[in-house]
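I have placed the structure first, in the form of structure tokens, so that the comments after it can refer back to it.
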Amino acid sequence: MMNIMHPALRRLDLNLLPVFDAIYRHSSVRLAADELAMSTSALSHALSRLRVSLNDPLFYREGHRMCPSVYATQLAPVIASALKSLDRELSPQPEFDPAVSTACLQIAITDFTAFCIFPALMNVLQHEAPGLRLELRYLPHSPALTELLAGEVDLALGFSTVEDPRYPELEEISWFEDEYVVISNASRMAMTLEDYLAARHLVVTPWNEKQGVLDLQLERMGYTRHIAIKTPSMLSAPFVIAESDLLMALPRFAAEKLLPATNIKIFDLPFHISPFEVKIYSHKRSGKRGVTNWLKATLRALAEDLQSER
């Protein structure tokens, strides 16, 4: 036989519970009716239905007071607590207000996304959302599906190293596109494909991946390159390049940001490859949709500003 869930609740009109609660607190049909914006006759009818449903008188009139039965006295704190909890949890979510928000977001990042996004982002937040708190975590892999599903992070800022599958659970937006360039020490004068293939290379592998998009493209072209060092950190890499004969491919935006701090030169990548693309991932069932949607909109506006400045 089929089990019926919540049999007691199914036979009871739950709209009658606020009636019970109001009569118990006020000990008065009239005052309870005033609080609930009901007529006294409608409230009396509701009480009659409740008595039938619960098979108990619930309240006795003594003079001008409605006094609870023993059963009603037992029910009162349970009903009051349940109504308070439901009212709190079922209240509509308030509109997100960045000016007063003190929300905390867990954001998964890489060196590159932190370096390229957060200086400009924090400049915006200090004016528009000064109470918003961000906790950055290194992205263990792209697109951090497990962490987003588990609620361990609210957003992930990453990029593709190979053709990533699409995940229906995730909302994915393209934040920023850029072309790849090559950096070398300051003594190099030219960069042909032959120069590129003859050189030794430094490759950033934030997730210890076996093959990145550049090597995949070179393989399609029938070439390989000599990788002398792999590192998970992009920020130390340009300083290694400046003091060695190694080459490094990276997005132009990052290379130009690093140029004043290191003695390097920037060259066009001597073969065609699809643009570097930074993506923002979030979970469709996020419990922080107001703040995450606002932050994604802010990031999109920043990306438009960055693209227009170039």
Side-chain angles (χ1 to χ4, degrees), residues 1-106 129 131-133 135 147-155 168-171 282-297:
M1 189 173 73
M2 183 184 298
N3 290 327
I4 299 177
M5 295 292 290
H6 311 299
L9 294 179
R10 286 170 64 88
R11 69 170 184 265
L12 178 68
D13 181 353
L14 298 184
N15 290 314
L16 300 177
L17 296 183
V19 170
F20 173 94
D21 179 65
I23 295 173
Y24 183 85
R25 285 185 290 103
H26 292 292
S27 300
S28 166
V29 169
R30 182 181 62 80
L31 293 178
D34 288 345
E35 179 181 288
L36 298 174
M38 299 171 65
S39 67
T40 54
S41 61
L43 190 133
S44 295
H45 178 68
L47 177 57
S48 297
R49 293 174 56 205
L50 193 57
R51 283 168 168 161
V52 172
S53 297
L54 297 179
N55 192 28
D56 189 88
L58 298 178
F59 298 96
Y60 299 90
R61 183 174 296 280
E62 293 184 0
H64 297 294
R65 291 176 54 82
M66 295 293 287
C67 297
S69 68
V70 172
Y71 182 45
T73 302
Q74 293 171 346
L75 285 179
V78 177
I79 291 176
S81 177
L83 290 175
K84 182 177 180 180
S85 178
L86 285 171
D87 187 68
R88 180 178 63 249
E89 297 301 327
L90 297 178
S91 295
Q93 293 294 310
E95 290 292 326
F96 175 72
D97 184 352
V100 299
S101 175
T102 58
C104 181
L105 288 180
Q106 304 279 340
L132 185 63
R133 293 173 293 131
E135 294 184 1
E147 291 75 15
L148 285 164
L149 283 170
E152 296 174 5
V153 297
D154 303 300
L155 292 175
E169 304 94 333
L170 300 185
E171 291 180 344
S282 59
H283 197 275
K284 290 182 178 179
R285 297 191 299 275
S286 169
K288 300 179 180 177
R289 295 196 65 80
V291 60
T292 54
N293 286 342
W294 180 84
L295 189 59
K296 286 190 289 186

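The figures here come from the full heavy-atom set of this structure, side chains too, leaving out hydrogens, waters and symmetry mates. On a predicted model such as this, the values are computed, not experimentally measured, just so you know.
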With side-chain contact (heavy atoms from CB on, under 4.5 Å) as the test, would you mind laying out the steps for Leu75 and Leu54 before giving the verdict? CA-CA 11 Å; Leu75 285 179; Leu54 297 179; 3.9 Å; yes
Criterion side-chain contact (heavy atoms from CB on, under 4.5 Å) on Leu47 and Met66, from CA distance to verdict: CA-CA 12 Å; Leu47 177 57; Met66 295 293 287; 4.1 Å; yes
Would Arg51 and Phe59 satisfy side-chain contact (heavy atoms from CB on, under 4.5 Å), going step by step from the backbone distance to the final call? CA-CA 9 Å; Arg51 283 168 168 161; Phe59 298 96; 4.2 Å; yes
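Distance check: Leu105 CG to Asp154 CG gives 5.0 Å after rounding to the nearest 0.5 Å. The CG atom of Leu43 sits 9.5 Å away from the CG atom of Leu16 when rounded to the nearest 0.5 Å. Here Leu83 contributes atom CG and Phe20 contributes atom CZ; the two are 10.0 Å apart, rounded to the nearest 0.5 Å. Atom OG of Ser282 sits about 7.5 Å away from atom CG of Leu148, to the nearest 0.5 Å. Once rounded to the nearest 0.5 Å, the distance linking OG of Ser28 with CZ of Arg61 reads 8.0 Å. Put simply, CZ on Arg30 and CE on Met38 are 15.5 Å apart, with the number rounded to the nearest 0.5 Å.
Contact between Ala72 and Tyr24 at its shortest, heavy atoms only, is O-CE1, 4.3 Å. For the residue pair Glu171 and Arg289, the shortest heavy atom distance occurs at OE2-NH2, 3.2 Å. Counting all heavy atoms, side chain and backbone alike, Leu132 lies closest to Ala103 at CD1-O, 3.3 Å. Residues Leu295 and Leu155 approach most closely at CD2-CD1, 3.6 Å, considering heavy atoms. Annotation for Glu35 and Ala22: closest pair OE2-CB, 3.8 Å, computed over non-hydrogen atoms.
A donor-acceptor pair is defined here as one N or O able to donate and one able to accept, closer than 3.5 Å; such a pair exists between the side chain of Ser44 and the backbone of Thr40. Proximity of a side-chain donor or acceptor of Arg25 to a complementary backbone N or O of Ala32 within less than 3.5 Å is not detected. Side-chain N or O atoms of Ser81 include none that pairs as donor or acceptor with a backbone N or O of Pro77 at under 3.5 Å.
The side-chain heavy atoms of Leu50 and Leu12, taken from C-beta on, include a pair separated by under 4.5 Å.
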